[in-house]
Participant: 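Here you go, one structure.
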Amino acid sequence: MFTFILLLYRYENILKENNSLLNPNIFLGLSKFYFMPESTYKHITDIETSDKEVKVRGWVYRIRKMKDKVFVVLRDATGILQCIGKLEDLSEEAWNNLNEVAIENAIAVKGNAKEDSRAVNNIELVLTDFTIIHKGEVFPIAKDQSKEFMLDNTHLFVRSYKSTNIMKVKANVLRASREWFYDNKFYEVTPPILTGSACEGGSTLFDLKYFDQKAYLSQSVQLYLEALIYSLEKVYAITPSFRAEKMRTKRHINEFWHIEGEEAFVDFEGNMKIQEELVAFIIQYVLENNKKELKELERDTSILEQIKAPFKKISYEEAINTLNENGHKLKWDDDIKTEEERDLSNIIGEPFFVTMYPSAHKPFYVKINERDPKWCYSADLMAPEGFGEIITGGQREDVLDTLVERIIAEGWSPEDYEWYIDLRKYGSVYHSGFGLGAERLTWWLCGLDAIQETQPFPRTRNRIYP
RNA sequence: GCCGCUGUAGCUCAGUCCGGUGGAGCAAUUGACUGUUAAUCAAUCGGUCGUAGGUUCAAAUCCUACUAGCGGCGCCA
(Lines give C-alpha, C1' and ligand atoms only; values in the text may rest on other atoms or scores of the structure.)
Protein backbone atom coordinates (compact mmCIF):
# COMPACT_ATOMS: atom_id res chain seq x y z
CA MET A 1 0.00 0.00 0.00
CA PHE A 2 2.71 2.43 1.00
CA THR A 3 4.62 1.82 -2.22
CA PHE A 4 1.46 2.53 -4.16
CA ILE A 5 0.95 5.86 -2.37
CA LEU A 6 4.57 6.75 -2.89
CA LEU A 7 4.23 6.04 -6.57
CA LEU A 8 1.15 8.24 -6.77
CA TYR A 9 2.95 11.01 -4.97
CA ARG A 10 5.95 10.78 -7.24
CA TYR A 11 3.74 10.63 -10.30
CA GLU A 12 1.90 13.74 -9.16
CA ASN A 13 5.13 15.64 -8.74
CA ILE A 14 6.45 14.49 -12.09
CA LEU A 15 3.25 15.71 -13.69
CA LYS A 16 3.54 19.04 -11.94
CA GLU A 17 7.19 19.52 -12.75
CA ASN A 18 6.77 18.67 -16.39
CA ASN A 19 3.55 20.59 -16.69
CA SER A 20 2.15 17.54 -18.35
CA LEU A 21 -0.77 17.66 -20.68
CA LEU A 22 -2.12 14.50 -19.12
CA ASN A 23 -4.94 15.21 -16.74
CA PRO A 24 -3.55 14.47 -13.26
CA ASN A 25 -6.77 15.18 -11.37
CA ILE A 26 -7.65 11.61 -10.58
CA PHE A 27 -4.19 11.00 -9.19
CA LEU A 28 -4.10 14.34 -7.39
CA GLY A 29 -7.35 13.54 -5.67
CA LEU A 30 -6.28 10.08 -4.69
CA SER A 31 -2.80 10.91 -3.52
CA LYS A 32 -3.96 13.92 -1.54
CA PHE A 33 -6.33 11.67 0.30
CA TYR A 34 -3.50 9.49 1.45
CA PHE A 35 -0.47 11.70 1.26
CA MET A 36 -0.88 15.45 1.37
CA PRO A 37 2.22 17.10 -0.11
CA GLU A 38 3.03 19.59 2.64
CA SER A 39 6.21 20.74 0.97
CA THR A 40 4.49 23.11 -1.44
CA TYR A 41 3.27 25.30 1.43
CA LYS A 42 5.51 27.16 3.82
CA HIS A 43 4.89 28.02 7.42
CA ILE A 44 5.05 31.68 8.33
CA THR A 45 8.16 31.54 10.48
CA ASP A 46 10.03 29.75 7.66
CA ILE A 47 9.43 32.52 5.13
CA GLU A 48 12.42 34.61 4.11
CA THR A 49 12.35 38.06 2.59
CA SER A 50 13.87 36.69 -0.60
CA ASP A 51 11.07 34.15 -1.18
CA LYS A 52 9.26 34.48 -4.48
CA GLU A 53 5.86 33.00 -5.27
CA VAL A 54 5.70 31.42 -1.85
CA LYS A 55 2.50 29.64 -0.89
CA VAL A 56 1.07 29.93 2.62
CA ARG A 57 -2.20 28.79 4.12
CA GLY A 58 -4.01 29.43 7.34
CA TRP A 59 -6.73 31.64 8.78
CA VAL A 60 -7.55 35.33 8.59
CA TYR A 61 -6.40 37.07 11.76
CA ARG A 62 -7.10 40.69 10.75
CA ILE A 63 -8.34 42.39 7.64
CA ARG A 64 -8.20 46.02 6.48
CA LYS A 65 -9.89 46.87 3.22
CA MET A 66 -9.33 49.94 1.04
CA LYS A 67 -10.31 51.06 -2.42
CA ASP A 68 -7.44 49.54 -4.36
CA LYS A 69 -5.66 47.44 -1.75
CA VAL A 70 -6.47 45.03 1.05
CA PHE A 71 -4.29 44.11 4.01
CA VAL A 72 -4.85 40.60 5.30
CA VAL A 73 -3.03 39.36 8.37
CA LEU A 74 -2.69 35.62 7.97
CA ARG A 75 -2.35 33.30 10.95
CA ASP A 76 -0.95 29.77 11.00
CA ALA A 77 0.41 27.51 13.73
CA THR A 78 3.73 29.35 13.73
CA GLY A 79 2.78 33.02 13.72
CA ILE A 80 1.18 35.86 11.81
CA LEU A 81 2.07 37.46 8.48
CA GLN A 82 0.82 40.67 6.90
CA CYS A 83 -0.17 40.21 3.27
CA ILE A 84 -1.02 43.04 0.91
CA GLY A 85 -3.26 42.47 -2.08
CA LYS A 86 -3.23 45.22 -4.69
CA LEU A 87 -5.87 45.59 -7.37
CA GLU A 88 -3.23 45.96 -10.08
CA ASP A 89 -1.37 42.73 -9.12
CA LEU A 90 -4.30 40.36 -8.95
CA SER A 91 -6.70 38.53 -11.22
CA GLU A 92 -10.32 39.58 -11.00
CA GLU A 93 -11.17 36.37 -9.17
CA ALA A 94 -8.40 36.80 -6.58
CA TRP A 95 -9.38 40.44 -6.04
CA ASN A 96 -13.01 39.46 -5.53
CA ASN A 97 -11.98 36.77 -3.05
CA LEU A 98 -9.93 39.29 -1.17
CA ASN A 99 -12.86 41.68 -0.89
CA GLU A 100 -15.14 38.93 0.28
CA VAL A 101 -12.91 37.37 2.93
CA ALA A 102 -13.73 37.72 6.64
CA ILE A 103 -12.11 37.10 10.01
CA GLU A 104 -11.18 33.42 10.64
CA ASN A 105 -11.91 32.31 7.08
CA ALA A 106 -9.51 29.59 5.98
CA ILE A 107 -7.38 30.88 3.10
CA ALA A 108 -4.46 29.99 0.84
CA VAL A 109 -2.26 32.73 -0.60
CA LYS A 110 0.66 33.08 -2.97
CA GLY A 111 3.01 36.03 -3.15
CA ASN A 112 6.45 37.56 -3.01
CA ALA A 113 7.98 38.24 0.38
CA LYS A 114 9.80 41.46 1.13
CA GLU A 115 11.20 43.33 4.07
CA ASP A 116 8.90 46.13 5.14
CA SER A 117 9.15 48.11 8.35
CA ARG A 118 5.46 48.98 8.15
CA ALA A 119 4.39 45.34 8.52
CA VAL A 120 4.16 43.06 11.55
CA ASN A 121 7.56 41.41 12.18
CA ASN A 122 9.01 43.58 9.36
CA ILE A 123 8.03 41.12 6.68
CA GLU A 124 5.23 41.40 4.17
CA LEU A 125 3.86 39.21 1.44
CA VAL A 126 2.84 41.00 -1.76
CA LEU A 127 0.05 38.79 -3.05
CA THR A 128 -0.13 37.35 -6.54
CA ASP A 129 -2.97 34.98 -5.76
CA PHE A 130 -5.62 34.62 -3.08
CA THR A 131 -8.12 31.83 -2.55
CA ILE A 132 -10.67 31.12 0.14
CA ILE A 133 -10.57 27.52 1.36
CA HIS A 134 -13.65 27.99 3.52
CA LYS A 135 -15.61 31.13 4.13
CA GLY A 136 -18.30 29.98 6.52
CA GLU A 137 -20.21 32.17 8.92
CA VAL A 138 -19.34 35.31 10.85
CA PHE A 139 -16.84 34.48 13.58
CA PRO A 140 -18.58 35.13 16.91
CA ILE A 141 -15.57 36.22 18.93
CA ALA A 142 -14.87 39.92 18.62
CA LYS A 143 -12.68 42.27 20.60
CA ASP A 144 -14.83 42.45 23.72
CA GLN A 145 -15.42 39.21 25.56
CA SER A 146 -16.56 38.46 29.06
CA LYS A 147 -15.08 35.51 30.86
CA GLU A 148 -18.41 33.76 30.63
CA PHE A 149 -18.71 34.22 26.86
CA MET A 150 -15.13 33.10 26.40
CA LEU A 151 -15.77 29.91 28.34
CA ASP A 152 -18.96 29.22 26.41
CA ASN A 153 -16.88 29.50 23.24
CA THR A 154 -13.71 27.78 24.39
CA HIS A 155 -13.71 25.63 21.27
CA LEU A 156 -13.21 28.81 19.21
CA PHE A 157 -11.27 30.77 21.77
CA VAL A 158 -8.40 28.25 21.57
CA ARG A 159 -7.54 29.92 18.26
CA SER A 160 -6.58 33.12 20.02
CA TYR A 161 -3.02 34.30 20.11
CA LYS A 162 -2.82 34.13 23.87
CA SER A 163 -4.26 30.65 24.12
CA THR A 164 -1.94 29.41 21.36
CA ASN A 165 1.12 30.82 23.12
CA ILE A 166 0.14 29.19 26.41
CA MET A 167 -0.43 25.81 24.75
CA LYS A 168 3.00 26.05 23.12
CA VAL A 169 4.62 26.65 26.51
CA LYS A 170 2.65 23.83 28.07
CA ALA A 171 3.68 21.43 25.30
CA ASN A 172 7.28 22.18 26.19
CA VAL A 173 6.66 21.75 29.91
CA LEU A 174 5.47 18.21 29.15
CA ARG A 175 8.21 17.57 26.62
CA ALA A 176 10.96 18.81 28.96
CA SER A 177 9.59 16.65 31.77
CA ARG A 178 9.79 13.56 29.60
CA GLU A 179 13.27 14.45 28.45
CA TRP A 180 14.50 14.92 31.97
CA PHE A 181 13.01 11.67 33.20
CA TYR A 182 14.41 9.84 30.19
CA ASP A 183 17.88 11.30 30.72
CA ASN A 184 17.75 10.27 34.37
CA LYS A 185 16.77 6.67 33.71
CA PHE A 186 13.15 6.82 34.78
CA TYR A 187 10.63 4.57 33.03
CA GLU A 188 7.36 6.07 31.86
CA VAL A 189 4.47 3.91 33.03
CA THR A 190 0.74 3.97 32.43
CA PRO A 191 -1.23 3.42 35.65
CA PRO A 192 -5.05 3.34 35.63
CA ILE A 193 -7.24 6.41 35.84
CA LEU A 194 -10.29 4.37 36.80
CA THR A 195 -9.79 3.14 40.33
CA GLY A 196 -11.63 1.33 43.03
CA SER A 197 -10.12 3.14 45.98
CA ALA A 198 -9.37 6.65 47.11
CA CYS A 199 -5.94 8.13 47.52
CA GLU A 200 -6.28 11.60 48.99
CA GLY A 201 -9.37 11.03 51.07
CA GLY A 202 -13.01 10.52 50.34
CA SER A 203 -14.42 14.00 50.06
CA THR A 204 -13.09 15.11 46.71
CA LEU A 205 -13.65 12.06 44.56
CA PHE A 206 -15.65 11.86 41.36
CA ASP A 207 -17.49 8.58 41.47
CA LEU A 208 -19.02 6.66 38.62
CA LYS A 209 -20.71 3.42 37.76
CA TYR A 210 -18.32 0.68 36.72
CA PHE A 211 -20.54 -2.16 35.51
CA ASP A 212 -22.07 -3.32 38.78
CA GLN A 213 -19.48 -1.69 41.00
CA LYS A 214 -18.63 1.80 42.10
CA ALA A 215 -15.43 3.34 40.80
CA TYR A 216 -13.62 6.65 41.01
CA LEU A 217 -11.59 8.89 38.75
CA SER A 218 -7.97 9.02 39.80
CA GLN A 219 -6.80 11.83 42.06
CA SER A 220 -3.21 10.67 41.87
CA VAL A 221 -1.54 7.56 40.52
CA GLN A 222 0.96 7.58 43.38
CA LEU A 223 -0.15 4.32 44.98
CA TYR A 224 0.18 2.48 41.66
CA LEU A 225 3.58 4.03 41.02
CA GLU A 226 4.66 2.74 44.41
CA ALA A 227 3.80 -0.79 43.28
CA LEU A 228 5.81 -0.35 40.09
CA ILE A 229 9.08 0.70 41.78
CA TYR A 230 9.53 -2.90 42.87
CA SER A 231 10.28 -3.81 39.27
CA LEU A 232 11.42 -0.63 37.56
CA GLU A 233 12.86 1.25 40.59
CA LYS A 234 12.43 4.71 39.05
CA VAL A 235 9.12 5.42 37.36
CA TYR A 236 7.03 8.37 36.29
CA ALA A 237 3.62 8.97 34.79
CA ILE A 238 1.91 11.95 33.21
CA THR A 239 -1.82 11.49 33.64
CA PRO A 240 -4.98 13.47 34.30
CA SER A 241 -6.02 13.77 37.94
CA PHE A 242 -9.50 14.67 39.08
CA ARG A 243 -10.57 16.49 42.22
CA ALA A 244 -14.24 17.09 42.92
CA GLU A 245 -13.50 20.14 45.04
CA LYS A 246 -16.34 22.60 44.98
CA MET A 247 -14.02 25.54 45.20
CA ARG A 248 -13.58 28.22 42.61
CA THR A 249 -10.21 29.89 42.70
CA LYS A 250 -7.57 31.06 40.25
CA ARG A 251 -5.37 28.10 41.20
CA HIS A 252 -7.74 25.16 40.96
CA ILE A 253 -9.26 23.16 38.16
CA ASN A 254 -11.16 19.94 38.66
CA GLU A 255 -9.19 18.08 36.00
CA PHE A 256 -5.46 18.67 35.79
CA TRP A 257 -2.38 16.94 34.38
CA HIS A 258 -0.25 15.38 37.01
CA ILE A 259 3.45 14.71 36.52
CA GLU A 260 4.27 12.11 39.15
CA GLY A 261 7.55 10.39 39.95
CA GLU A 262 8.36 7.59 42.37
CA GLU A 263 11.80 6.26 43.21
CA ALA A 264 13.05 3.21 45.14
CA PHE A 265 16.08 3.68 47.40
CA VAL A 266 15.61 7.44 47.46
CA ASP A 267 15.06 9.25 50.74
CA PHE A 268 13.41 12.56 51.60
CA GLU A 269 16.48 14.65 50.69
CA GLY A 270 17.16 12.72 47.49
CA ASN A 271 13.56 13.21 46.43
CA MET A 272 13.84 16.98 46.77
CA LYS A 273 17.00 16.88 44.70
CA ILE A 274 15.10 15.12 41.91
CA GLN A 275 12.30 17.67 42.07
CA GLU A 276 14.54 20.72 41.95
CA GLU A 277 16.61 19.37 39.10
CA LEU A 278 13.50 18.46 37.13
CA VAL A 279 11.87 21.85 37.69
CA ALA A 280 15.07 23.77 36.95
CA PHE A 281 15.46 21.79 33.74
CA ILE A 282 11.89 22.50 32.63
CA ILE A 283 12.32 26.22 33.33
CA GLN A 284 15.58 26.32 31.39
CA TYR A 285 13.98 24.43 28.51
CA VAL A 286 11.02 26.78 28.32
CA LEU A 287 13.19 29.90 28.58
CA GLU A 288 15.28 28.64 25.67
CA ASN A 289 12.50 27.33 23.47
CA ASN A 290 9.60 29.66 24.18
CA LYS A 291 11.25 33.08 24.06
CA LYS A 292 8.73 34.35 21.51
CA GLU A 293 5.70 33.04 23.41
CA LEU A 294 6.84 34.39 26.78
CA LYS A 295 7.53 37.78 25.23
CA GLU A 296 4.11 37.88 23.62
CA LEU A 297 2.54 36.88 26.93
CA GLU A 298 4.41 39.88 28.37
CA ARG A 299 6.12 37.68 30.91
CA ASP A 300 8.94 39.33 32.84
CA THR A 301 11.40 36.43 32.93
CA SER A 302 14.04 38.04 35.16
CA ILE A 303 13.23 35.85 38.18
CA LEU A 304 12.94 32.70 36.07
CA GLU A 305 16.34 33.29 34.49
CA GLN A 306 18.09 33.20 37.84
CA ILE A 307 16.62 29.90 38.94
CA LYS A 308 18.95 26.94 39.31
CA ALA A 309 19.11 23.89 41.55
CA PRO A 310 19.44 23.43 44.47
CA PHE A 311 16.46 25.37 45.76
CA LYS A 312 16.12 27.04 49.12
CA LYS A 313 14.65 24.87 51.91
CA ILE A 314 12.81 26.14 54.95
CA SER A 315 10.99 24.14 57.58
CA TYR A 316 7.30 24.53 58.30
CA GLU A 317 8.32 26.18 61.57
CA GLU A 318 10.55 28.69 59.79
CA ALA A 319 7.73 29.41 57.37
CA ILE A 320 5.38 30.16 60.28
CA ASN A 321 7.98 32.41 61.90
CA THR A 322 8.66 34.28 58.66
CA LEU A 323 4.93 34.86 58.21
CA ASN A 324 4.55 36.06 61.78
CA GLU A 325 7.39 38.52 61.25
CA ASN A 326 5.33 39.87 58.37
CA GLY A 327 2.13 40.53 60.21
CA HIS A 328 0.50 37.10 60.39
CA LYS A 329 -0.51 35.44 63.64
CA LEU A 330 0.10 31.72 63.22
CA LYS A 331 1.01 29.09 65.74
CA TRP A 332 2.46 25.60 65.39
CA ASP A 333 -0.03 23.23 63.76
CA ASP A 334 -1.96 25.96 61.95
CA ASP A 335 -2.48 25.39 58.25
CA ILE A 336 -0.67 27.66 55.85
CA LYS A 337 -3.69 28.88 53.91
CA THR A 338 -4.01 30.53 50.51
CA GLU A 339 -3.34 34.07 51.66
CA GLU A 340 -0.39 33.08 53.84
CA GLU A 341 1.07 30.89 51.14
CA ARG A 342 0.82 33.77 48.65
CA ASP A 343 2.57 36.13 51.04
CA LEU A 344 5.31 33.62 51.80
CA SER A 345 5.83 33.04 48.10
CA ASN A 346 6.21 36.79 47.52
CA ILE A 347 8.48 37.31 50.53
CA ILE A 348 10.95 34.60 49.61
CA GLY A 349 11.09 35.52 45.94
CA GLU A 350 12.63 32.32 44.59
CA PRO A 351 11.44 28.71 44.42
CA PHE A 352 11.63 27.04 47.82
CA PHE A 353 10.66 23.89 49.66
CA VAL A 354 8.66 23.95 52.85
CA THR A 355 9.77 20.86 54.75
CA MET A 356 9.10 19.13 58.07
CA TYR A 357 5.32 19.51 58.12
CA PRO A 358 3.37 18.49 61.21
CA SER A 359 2.46 14.82 60.82
CA ALA A 360 -1.21 15.49 61.46
CA HIS A 361 -1.42 17.62 58.30
CA LYS A 362 -0.39 14.88 55.91
CA PRO A 363 -1.97 11.66 54.61
CA PHE A 364 -1.34 8.17 55.95
CA TYR A 365 1.28 7.18 53.38
CA VAL A 366 3.77 9.89 54.41
CA LYS A 367 6.63 8.57 56.53
CA ILE A 368 6.83 9.99 60.01
CA ASN A 369 10.14 11.00 61.55
CA GLU A 370 11.07 8.25 64.00
CA ARG A 371 13.06 10.47 66.41
CA ASP A 372 10.49 13.26 66.49
CA PRO A 373 7.07 11.98 65.37
CA LYS A 374 5.68 15.50 65.51
CA TRP A 375 6.83 16.05 61.95
CA CYS A 376 6.90 13.96 58.81
CA TYR A 377 8.92 13.53 55.65
CA SER A 378 6.75 15.66 53.40
CA ALA A 379 7.72 18.78 51.49
CA ASP A 380 5.91 21.22 49.22
CA LEU A 381 7.71 23.03 46.45
CA MET A 382 6.56 26.64 46.23
CA ALA A 383 6.87 28.90 43.22
CA PRO A 384 7.72 32.54 43.89
CA GLU A 385 5.87 35.68 42.75
CA GLY A 386 2.74 34.72 44.66
CA PHE A 387 2.05 31.53 42.70
CA GLY A 388 2.67 29.14 45.57
CA GLU A 389 2.55 25.37 45.70
CA ILE A 390 3.38 23.41 42.55
CA ILE A 391 4.59 20.09 44.01
CA THR A 392 3.91 17.96 47.02
CA GLY A 393 6.31 15.12 47.64
CA GLY A 394 8.01 13.12 50.29
CA GLN A 395 9.21 9.83 51.62
CA ARG A 396 6.58 7.10 51.92
CA GLU A 397 5.86 4.90 54.90
CA ASP A 398 7.58 1.58 54.17
CA VAL A 399 6.98 -0.24 57.49
CA LEU A 400 3.96 -2.56 57.41
CA ASP A 401 2.66 -2.11 60.95
CA THR A 402 3.08 1.67 60.99
CA LEU A 403 1.21 1.98 57.71
CA VAL A 404 -1.73 -0.09 58.96
CA GLU A 405 -1.86 1.92 62.20
CA ARG A 406 -2.00 5.17 60.25
CA ILE A 407 -4.79 3.96 57.98
CA ILE A 408 -6.80 2.98 61.05
CA ALA A 409 -5.96 6.29 62.75
CA GLU A 410 -7.50 8.17 59.81
CA GLY A 411 -10.67 6.21 60.36
CA TRP A 412 -10.41 4.06 57.27
CA SER A 413 -10.51 0.36 56.79
CA PRO A 414 -7.25 -1.50 56.02
CA GLU A 415 -9.25 -3.93 53.85
CA ASP A 416 -9.81 -1.17 51.31
CA TYR A 417 -6.07 -0.72 50.98
CA GLU A 418 -5.12 -4.36 51.11
CA TRP A 419 -3.14 -4.40 47.88
CA TYR A 420 -1.27 -1.26 48.90
CA ILE A 421 -0.46 -2.66 52.33
CA ASP A 422 0.73 -5.83 50.59
CA LEU A 423 3.58 -3.84 49.02
CA ARG A 424 5.18 -3.63 52.48
CA LYS A 425 5.09 -7.39 52.95
CA TYR A 426 7.48 -8.49 50.24
CA GLY A 427 10.87 -6.84 50.08
CA SER A 428 9.75 -3.41 51.26
CA VAL A 429 12.33 -0.70 50.62
CA TYR A 430 12.54 2.95 51.47
CA HIS A 431 11.22 5.09 48.67
CA SER A 432 9.95 8.56 47.85
CA GLY A 433 7.95 10.37 45.24
CA PHE A 434 6.20 13.56 44.24
CA GLY A 435 3.41 15.07 42.15
CA LEU A 436 3.93 18.14 40.01
CA GLY A 437 0.95 20.03 38.62
CA ALA A 438 1.60 20.67 34.91
CA GLU A 439 -0.93 23.51 34.91
CA ARG A 440 0.42 25.05 38.11
CA LEU A 441 3.88 25.14 36.56
CA THR A 442 2.67 26.47 33.21
CA TRP A 443 0.57 29.08 35.02
CA TRP A 444 3.62 30.34 36.85
CA LEU A 445 6.01 30.17 33.89
CA CYS A 446 3.58 32.15 31.73
CA GLY A 447 2.80 34.53 34.60
CA LEU A 448 -0.95 34.19 34.06
CA ASP A 449 -3.79 35.54 36.10
CA ALA A 450 -5.71 32.25 36.35
CA ILE A 451 -4.75 28.60 36.04
CA GLN A 452 -7.87 27.99 33.95
CA GLU A 453 -6.03 29.67 31.07
CA THR A 454 -3.52 26.81 30.93
CA GLN A 455 -6.16 24.23 30.00
CA PRO A 456 -7.73 24.52 26.55
CA PHE A 457 -11.00 23.16 27.96
CA PRO A 458 -10.80 23.80 31.71
CA ARG A 459 -13.07 21.72 33.88
CA THR A 460 -14.42 23.90 36.64
CA ARG A 461 -17.35 23.63 38.97
CA ASN A 462 -19.94 24.75 36.43
CA ARG A 463 -18.12 23.80 33.24
CA ILE A 464 -18.34 20.43 31.57
CA TYR A 465 -19.25 21.88 28.16
CA PRO A 466 -17.75 22.42 25.66
C1' G B 1 -20.64 23.75 51.72
C1' C B 2 -20.24 29.16 53.02
C1' C B 3 -19.96 34.55 51.55
C1' G B 4 -20.54 38.20 47.62
C1' C B 5 -22.08 39.60 42.61
C1' U B 6 -24.32 39.34 37.68
C1' G B 7 -28.10 38.07 33.71
C1' U B 8 -30.60 44.37 28.87
C1' A B 9 -28.99 43.96 20.67
C1' G B 10 -24.47 38.65 17.95
C1' C B 11 -20.39 40.88 21.70
C1' U B 12 -18.96 44.69 25.79
C1' C B 13 -21.87 47.65 28.78
C1' A B 14 -25.06 52.21 30.48
C1' G B 15 -30.16 52.70 32.10
C1' U B 16 -32.43 49.90 38.00
C1' C B 17 -31.17 53.52 43.84
C1' C B 18 -35.83 57.58 42.91
C1' G B 19 -41.37 53.02 38.07
C1' G B 20 -43.57 57.01 32.97
C1' U B 21 -42.27 55.71 24.66
C1' G B 22 -35.30 50.69 25.44
C1' G B 23 -29.49 53.65 24.66
C1' A B 24 -23.98 53.75 23.28
C1' G B 25 -19.52 51.37 21.37
C1' C B 26 -18.01 47.01 18.66
C1' A B 27 -19.71 43.27 15.04
C1' A B 28 -22.89 42.75 10.62
C1' U B 29 -24.91 45.28 5.97
C1' U B 30 -24.30 49.46 2.33
C1' G B 31 -21.24 53.35 0.67
C1' A B 32 -16.60 56.47 0.88
C1' C B 33 -11.27 56.00 1.41
C1' U B 34 -4.44 58.78 0.98
C1' G B 35 0.14 51.94 3.31
C1' U B 36 -3.35 50.03 6.90
C1' U B 37 -1.58 48.13 12.14
C1' A B 38 -8.08 46.02 16.89
C1' A B 39 -7.51 51.27 10.01
C1' U B 40 -10.74 55.55 9.53
C1' C B 41 -15.45 58.23 8.09
C1' A B 42 -20.93 58.09 6.99
C1' A B 43 -25.54 55.61 6.95
C1' U B 44 -28.50 51.20 7.87
C1' C B 45 -29.93 46.80 10.43
C1' G B 46 -30.44 44.80 15.14
C1' G B 47 -34.15 43.77 21.74
C1' U B 48 -39.99 38.47 24.69
C1' C B 49 -34.61 43.60 29.26
C1' G B 50 -32.69 35.19 32.14
C1' U B 51 -37.78 32.52 33.41
C1' A B 52 -42.42 32.54 36.13
C1' G B 53 -45.59 35.00 39.35
C1' G B 54 -46.95 39.45 42.26
C1' U B 55 -47.64 45.00 43.42
C1' U B 56 -49.24 49.23 40.29
C1' C B 57 -53.14 53.28 35.94
C1' A B 58 -48.08 51.94 34.30
C1' A B 59 -42.35 47.41 35.63
C1' A B 60 -35.79 46.51 32.43
C1' U B 61 -36.59 49.38 37.12
C1' C B 62 -40.14 47.49 43.23
C1' C B 63 -41.32 42.32 45.75
C1' U B 64 -41.12 36.67 45.65
C1' A B 65 -39.59 32.12 43.65
C1' C B 66 -36.83 29.61 40.13
C1' U B 67 -32.72 29.21 36.76
C1' A B 68 -27.91 30.05 34.56
C1' G B 69 -23.26 31.90 35.33
C1' C B 70 -19.09 34.92 37.55
C1' G B 71 -15.70 36.26 41.90
C1' G B 72 -13.72 34.65 46.67
C1' C B 73 -12.92 31.12 50.94
C1' G B 74 -12.49 26.06 53.36
C1' C B 75 -8.75 22.46 50.10
C1' C B 76 -4.84 21.27 47.24
C1' A B 77 -1.22 20.20 42.25
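We name chains A, B, ... by the order of the sequence lines, and we start the count at 1 in each one.
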Participant: Is the closest basic N to carboxylate O distance between Lys234(A) and Glu263(A) below 4.0 Å?
Facilitator: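 Judged by the 4.0 Å cut-off on N to carboxylate O distance, Lys234(A) and Glu263(A) do not form a salt bridge.
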Participant: Given atom CG of Asn99(A) and atom P of A28(B), what is their separation to the nearest angstrom?
Facilitator: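 Going from Asn99(A) (CG) to A28(B) (P), I get 14 Å.
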Participant: What class does the angle between the rings of Phe434(A) and Phe181(A) fall in, given that below 30° is parallel, 30 to 60° is tilted and above 60° is perpendicular?
Facilitator: parallel
Participant: For a quick check of understanding: with a heavy-atom distance under 4.0 Å over all strands, which category does Ile259(A) fall into, base, sugar-phosphate or nothing?
Facilitator: nothing
Participant: Is the phosphate of C33(B) approached by Lys67(A) (side-chain N or O, under 4.0 Å from OP1 or OP2)?
Facilitator: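 For Lys67(A), the contact criterion (side-chain N or O under 4.0 Å from OP1 or OP2 of C33(B)) is met.
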Participant: Listing time: all N or O pairs from protein to nucleotides 72-75 of chain B that are below 3.5 Å?
Facilitator:
unit_1: G72(B); atom_1: OP1; unit_2: Lys250(A); atom_2: NZ; d: 3.0
unit_1: C73(B); atom_1: N4; unit_2: Arg248(A); atom_2: N; d: 3.2
unit_1: G74(B); atom_1: OP1; unit_2: Thr338(A); atom_2: N; d: 3.3
unit_1: G74(B); atom_1: OP1; unit_2: Thr338(A); atom_2: OG1; d: 3.4
unit_1: G74(B); atom_1: OP2; unit_2: Thr338(A); atom_2: OG1; d: 2.7
unit_1: G74(B); atom_1: O6; unit_2: Met247(A); atom_2: N; d: 2.8
unit_1: C75(B); atom_1: OP1; unit_2: Asp335(A); atom_2: OD2; d: 3.0
unit_1: C75(B); atom_1: O2'; unit_2: Glu245(A); atom_2: OE2; d: 3.4
unit_1: C75(B); atom_1: O2; unit_2: His252(A); atom_2: NE2; d: 2.8
unit_1: C75(B); atom_1: N3; unit_2: His252(A); atom_2: NE2; d: 2.9
unit_1: C75(B); atom_1: N4; unit_2: Arg251(A); atom_2: NH1; d: 3.1
unit_1: C75(B); atom_1: N4; unit_2: Thr338(A); atom_2: OG1; d: 2.8

Participant: Closer than 4.0 Å, any side-chain N/O of Lys147(A) to the OP1 or OP2 of C70(B)?
Facilitator: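 Checking C70(B) against Lys147(A), no side-chain N or O comes under 4.0 Å of OP1 or OP2.
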Participant: My understanding is that a pair needs two contacts under 3.5 Å, Watson-Crick or G-U wobble. By that rule, which nucleotide pairs with A14(B)?
Facilitator: none
Participant: Ignoring hydrogens and angles, are the base of U36(B) and the side chain of Gln82(A) linked by a donor-acceptor pair under 3.5 Å?
Facilitator: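 Pair found.
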Participant: Whom does G47(B) pair with, Watson-Crick or G-U wobble, provided both distances fall under 3.5 Å?
Facilitator: none
Participant: With C1' as the reference atom in both, quote the distance from G25(B) to C18(B) in angstrom, rounded to an integer.
Facilitator: 28 Å
Participant: So, does Glu340(A) use its side chain to make a donor-acceptor pair with the main chain of Lys337(A) at under 3.5 Å?
Facilitator: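 Present.
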Participant: Looking at Asn112(A), Ile84(A), Leu98(A), which hits side-chain contact (heavy atoms from CB on, under 4.5 Å) with Leu127(A)?
Facilitator: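 Result for side-chain contact (heavy atoms from CB on, under 4.5 Å) with Leu127(A): Leu98(A).
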Participant: Salt-bridge test for Glu293(A) and Arg299(A): reply yes if a basic N is under 4.0 Å from a carboxylate O, no otherwise.
Facilitator: no
Participant: Please list, chain by chain and in numerical order, all residues satisfying salt bridge (charged side-chain N to carboxylate O under 4.0 Å, His left out) with Asp116(A), sequence neighbours excluded.
Facilitator: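 For Asp116(A), the residues satisfying salt bridge (charged side-chain N to carboxylate O under 4.0 Å, His left out) (neighbours in sequence not counted) are Lys114(A), Arg118(A).
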Participant: Classify the nucleic acid contact of Leu381(A) as base, sugar-phosphate or nothing, counting any heavy atom under 4.0 Å across all strands shown.
Facilitator: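 Result for Leu381(A) = nothing.
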Participant: RNA chain B: Lys86(A) or Phe149(A), which has the more 5' nearest nucleotide?
Facilitator: Phe149(A)
Participant: Would you say C70(B) has OP1 or OP2 under 4.0 Å from some side-chain N or O of Asn462(A)?
Facilitator: yes
